[in-house]
Amino acid sequence: MAKTVVIGGTGLIGSKVVAKLSADGHEAVAAAPGTGVNTITGEGLAEALTGADVVVDVSNSPSFEAEAVLEFFTTSTGNLLAAEREAGVRHHVALTIVGTNRPQDIPYFAAKSAQEQLVRDSGIPYSLVHATQFFEFLGGIADISTEGDTVRLPGGLVQPMAAEDVAAAVARTAEGSPVGDVEVAGPERFGLDEFVRRGLRFRGDARTVVRDDDAFYYGAPIDEKTLIPVEGAQISETRLEDWLPLNPPPA
Ligand SMILES: NC(=O)c1ccc[n+]([C@@H]2O[C@H](COP(=O)([O-])OP(=O)(O)OC[C@H]3O[C@@H](n4cnc5c(N)ncnc54)[C@H](OP(=O)(O)O)[C@@H]3O)[C@@H](O)[C@H]2O)c1
């Protein structure tokens, strides 16, 4: 049984990771501002890490604005890695995104890349789990790409996956030895426009999704292969058509 501290352990992915590690018999501690642990201010961090073997970082920035998100991931990760060195943590696992290491100018990806580099340079054995887009963010992607009744999205390919499968991959990685960078992805590939179109259609959303290859994804253009995984990525099982009926949009 390992003591594993899950930073962001109250969030979408984090709460599922804590549940999976606990079910597997580990001591999994959810660490987040809501539980008295803040990686920006340092509050509660040293105490939480006392006796920890593994740290999983699935935290997220409260703001996605370019400078704020870069500031969040560099400050949070820097404080966390310093505290891990003090505590003698033997495996750092962080969740990041497929595509951060492909040519693109997405500000959020730049912040995740900076986080990854701090982890690689830390001297602490690490695993960086690069996941594709979560099915759960389908509605959010539609909303930020909507003008009037039209959703404009590029046809660049995505291979999205369920948050449950992301959490399973993160928990599995945390239970194993450090592996460096790995990629996980869903079982099907769509254009980004088609992914969102299928979701909105299933939900009876009246908006029209139009393919527009000049439209931005989170603030920047993407090309056909920016967001798809490398050959040899771990492929999860849940398909979009099986997930949709079980996951109505949040009220
Ligand atoms: N969206 C995608 O498609 C995608 C794809 C691949 C990877 N990812 C990555 O997945 C990760 C998890 O995302 P998510 O959607 O599960 O996030 P989320 O639901 O927004 O949860 C974020 C968590 O971070 C915690 N947190 C915020 N500020 C903190 C701080 N200063 N100190 C400690 N914890 C803090 C939050 O705690 P409070 O609630 O107490 O504030 C919460 O537990 C992110 O790193 C993201 O980059 C996302």
Side-chain angles (χ1 to χ4, degrees), residues 1-39 44-60 76-77 80-81 83-84 87-98 115 119 124-138 159-188 229 233-250:
M1 186 185 94
K3 175 176 174 183
T4 303
V5 176
V6 181
I7 305 291
T10 58
L12 171 67
I13 301 297
S15 54
K16 296 178 193 300
V17 171
V18 169
K20 286 176 192 301
L21 291 172
S22 302
D24 288 347
H26 300 287
E27 180 190 352
V29 179
T35 70
V37 182
N38 191 319
T39 50
L45 195 50
E47 295 86 337
L49 293 194
T50 303
D53 305 291
V54 181
V55 169
V56 173
D57 185 5
V58 285
S59 63
N60 209 352
S76 167
T77 306
L80 183 55
L81 293 167
E84 287 179 36
V89 167
R90 59 172 174 76
H91 187 186
H92 177 95
V93 180
L95 178 59
T96 185
I97 309 175
V98 165
Q115 174 190 18
V119 172
I124 299 169
Y126 68 88
S127 301
L128 288 167
V129 179
H130 297 249
T132 55
Q133 288 61 49
F134 311 160
F135 292 157
E136 281 74 1
F137 286 95
L138 188 160
Q159 210 167 314
M161 62 191 292
E164 196 69 39
D165 291 340
V166 177
V170 171
R172 198 165 59 233
T173 305
E175 289 170 344
S177 300
V179 288
D181 290 69
V182 285
E183 296 196 358
V184 296
E188 298 172 295
Q234 297 170 29
I235 302 301
S236 57
E237 284 189 356
T238 312
R239 304 172 89 85
L240 182 62
E241 70 192 45
D242 300 324
W243 179 90
L244 280 167
L246 302 174
N247 290 275

Pairwise distance CD1(Ile97) to CD(Gln115) - rounded to 0.5 angstrom: 9.0 Å
Nearest heavy atoms of Glu84 and Ile124, plus distance in Å: CB-CD1, 3.7 Å
Distance, nearest 0.5 Å, that separates OG1 of Thr132 from CD of Gln159: 7.0 Å
From Leu21, Val170, Val55, residue fulfilling side-chain contact (heavy atoms from CB on, under 4.5 Å) relative to Val6: Leu21
Flag side-chain contact, heavy atom, 4.5 Å: Gln133 against Val98: no
Distance, nearest 0.5 Å, that separates CD of Glu241 from CD of Glu188: 6.0 Å
Which atom of Ala169 lies closest to which atom of Val184, heavy atoms considered: CB-CG1, 3.8 Å
Partner set under side chain to side chain contact (heavy atoms under 4.5 Å, CB included) for Glu136, not counting sequence neighbours: Leu12, Phe134, Ala163, Trp243
Residue pairs, two or more places apart or on separate chains, that pass side-chain hydrogen bond (donor to acceptor under 3.5 Å, both in side chains) and touch residues 21-38: His26-Glu175
Thr39 (side chain) donor-acceptor with Leu80 (main chain) under 3.5 angstrom: no
Closest heavy-atom pair and its distance - Ala174, Val56: CB-CG2, 3.7 Å
Atom of Ser127, atom of His91 and distance for their closest heavy-atom approach: OG-NE2, 2.7 Å
Sidechain-backbone polar pair: Lys3 side chain, Thr50 backbone, donor-acceptor under 3.5 Å: yes
Smallest separation among heavy atoms of Thr10 and Ala32, with atom names: OG1-CB, 3.4 Å
Euclidean distance, Asp181 CG relative to Leu128 CG, rounded to 0.5 Å: 4.5 Å
Minimum heavy-atom distance between Leu95 and Ala131, given as atom pair plus value: CD1-CB, 3.9 Å
Distance in Å, Glu164 CD paired with Asn247 CG, rounded so as to fall on 0.5 Å steps: 9.5 Å
Side chain to side chain contact (heavy atoms under 4.5 Å, CB included) involving Ala83 - partner list, sequence neighbours excluded: Leu45, Leu49
Ser236 side chain vs Ala185 backbone, donor-acceptor pair below 3.5 Å: yes
Reference residue Leu240; test side-chain contact (heavy atoms from CB on, under 4.5 Å); the match among Leu244, Asp242, Thr238: Leu244
